[in-house]
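Worksheet: one structure, shown below.
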Protein chains: 2
Amino acid sequence: MNKKIPEATAKRLPLYYRYLNNLLYANKLRVSSAELAESIQVDAATIRRDFAYFGPMGRRGYGYDVRKLITFFEKILDQDTLTSVALIGVGNLGHALLNFNFHKNSNVRISAAFDINPELIGSVQSNVPVYAMANLQEQLKDQRIEIAIITVPAAIAQAVTDKLVDAGIKGIMNFTTVRLSAPDDVRIQNIDLTNELQTLIYAVNHE
Amino acid sequence: MNKKIPEATAKRLPLYYRYLNNLLYANKLRVSSAELAESIQVDAATIRRDFAYFGPMGRRGYGYDVRKLITFFEKILDQDTLTSVALIGVGNLGHALLNFNFHKNSNVRISAAFDINPELIGSVQSNVPVYAMANLQEQLKDQRIEIAIITVPAAIAQAVTDKLVDAGIKGIMNFTTVRLSAPDDVRIQNIDLTNELQTLIYAVNHE
């Protein structure tokens, strides 16, 4: 599939995939865009437009074939290949992410964690080994990890990013408040929880 | 200020506010849109357009007065009033959020947590008291809490939401994978970490 999919559509793919699996689990083999719209709260026209990017997927009056959609999304999301991810910074949030079940209903697993705390280095936390930062490059290359999650203190976030880029990382999920600099071919996804919460409060107070 | 601000602009306000405070902390009292653009990675034209919603804030060739902007954003973001937030679900992610320093550089504090675990109820976790779910309505009303963060298992997320709505909650930050139903006047902000990570992986694999 070489057609360029809009980013907003790409962002909804995992959501579609997960809900389709829920439907299959409930033995529901056909679904209309209206039903999907109701359960995932994306409007039906958007869903139809999204699905249309992938070619003819449904029939009018019949709806979509759930298994066919799942097979298709599996391929497109590489659900059949497990993606290993590194976690940099095993503090409170890092620990929570290690425990967070990314793997359930997804193809992602944190397979290596890194920290500078001597008490953590060499230990296994929630089934994930913790390595020294000094071994970052070696481990990422050995394990062919291209995606990293950063939950380090803001003061060292850029330095850690530079090391990750040197080690060949191609995608960074950034939980710090720092806006990171990286080469254009490294994608950075910012999850700024304080910002999200403030935006919510602002919306509640001003709407 | 009654002028309607676009949501994308509103979302950037906390970011602006935080970076302006960093500038002030570094004794930098003037800033150009180009400099701001560089450090927060929002393009300068967008910044100027955003600021223009709030009236004349800068002078050509002089840049923006950092203190003036901060005072202004403080007012607009209600930074001078502390917003109390409830946390529902003190599991791994909940614990991490209790430890997460929302308060630093922000006007938000988790002031009450709720769980069904008898070992947690009545305890104080990271300086926040944990109450029984049975006391939800009473505590939220007593503490005048209108914003809640949900980190409960998916299976009970909607039931918890219904209780929150009954208790007068106006904004929900939802960390579960469930798309919650709530009345129109209740705002829901979804933080779907699995989805974010899958989107990042998809982008890295397909760009």
Contacting moiety of L193(B), where chain A heavy atoms sit under 4.5 Å | both
Would you tell me whether T199(B) and Q189(A) have side-chain atoms, one donor and one acceptor, within less than 3.5 Å of each other?
-> no
Please determine, by modelled atom types, if Q125(A) and S123(A) share a side-chain donor-acceptor pair under 3.5 angstrom.
-> yes
Ranked by heavy-atom pairs below 4.5 Å to chain A, first place among V186(B), I172(B), D185(B) goes to I172(B)
Give the member of K170(B), E146(B), Q41(B) that has the highest number of heavy-atom pairs under 4.5 Å with chain A.
-> Q41(B)
So, are R18(B) and D192(A) salt-bridged, with charged N and O less than 4.0 Å apart?
-> yes
Side chain, backbone, both or neither of L197(A) within contact of chain B (heavy atoms, under 4.5 Å) = both
Region of L13(B) that comes under 4.5 Å of a non-hydrogen atom in chain A | side chain
Please examine the side chains of N21(B) and V66(B), heavy atoms only from C-beta on, and report whether any two atoms are closer than 4.5 Å.
-> no
Would you mind checking which part of S39(A) comes under 4.5 Å of any heavy atom in chain B, side chain (CB onward), backbone (N, CA, C, O), both or neither?
-> backbone
Under the criterion ring pair (Phe, Tyr, Trp, His ring centres under 6.0 Å), which of Y17(B), Y19(B), F51(B) is the partner of F73(B)?
-> F51(B)
side-chain hydrogen bond (donor to acceptor under 3.5 Å, both in side chains) between R48(A) and S33(A): does it pass, once the steps are laid out?
-> CA-CA 6 Å; R48(A) 286 192 299 268; S33(A) 52; 2.9 Å; yes
Can you say whether L200(A) sits under 4.5 Å from chain B via the side chain, the backbone, both, or neither, judging by heavy atoms?
-> both
Which answer fits I191(A), side chain, backbone, both or neither, if we ask what part of it has an atom under 4.5 Å from a heavy atom of chain B?
-> side chain
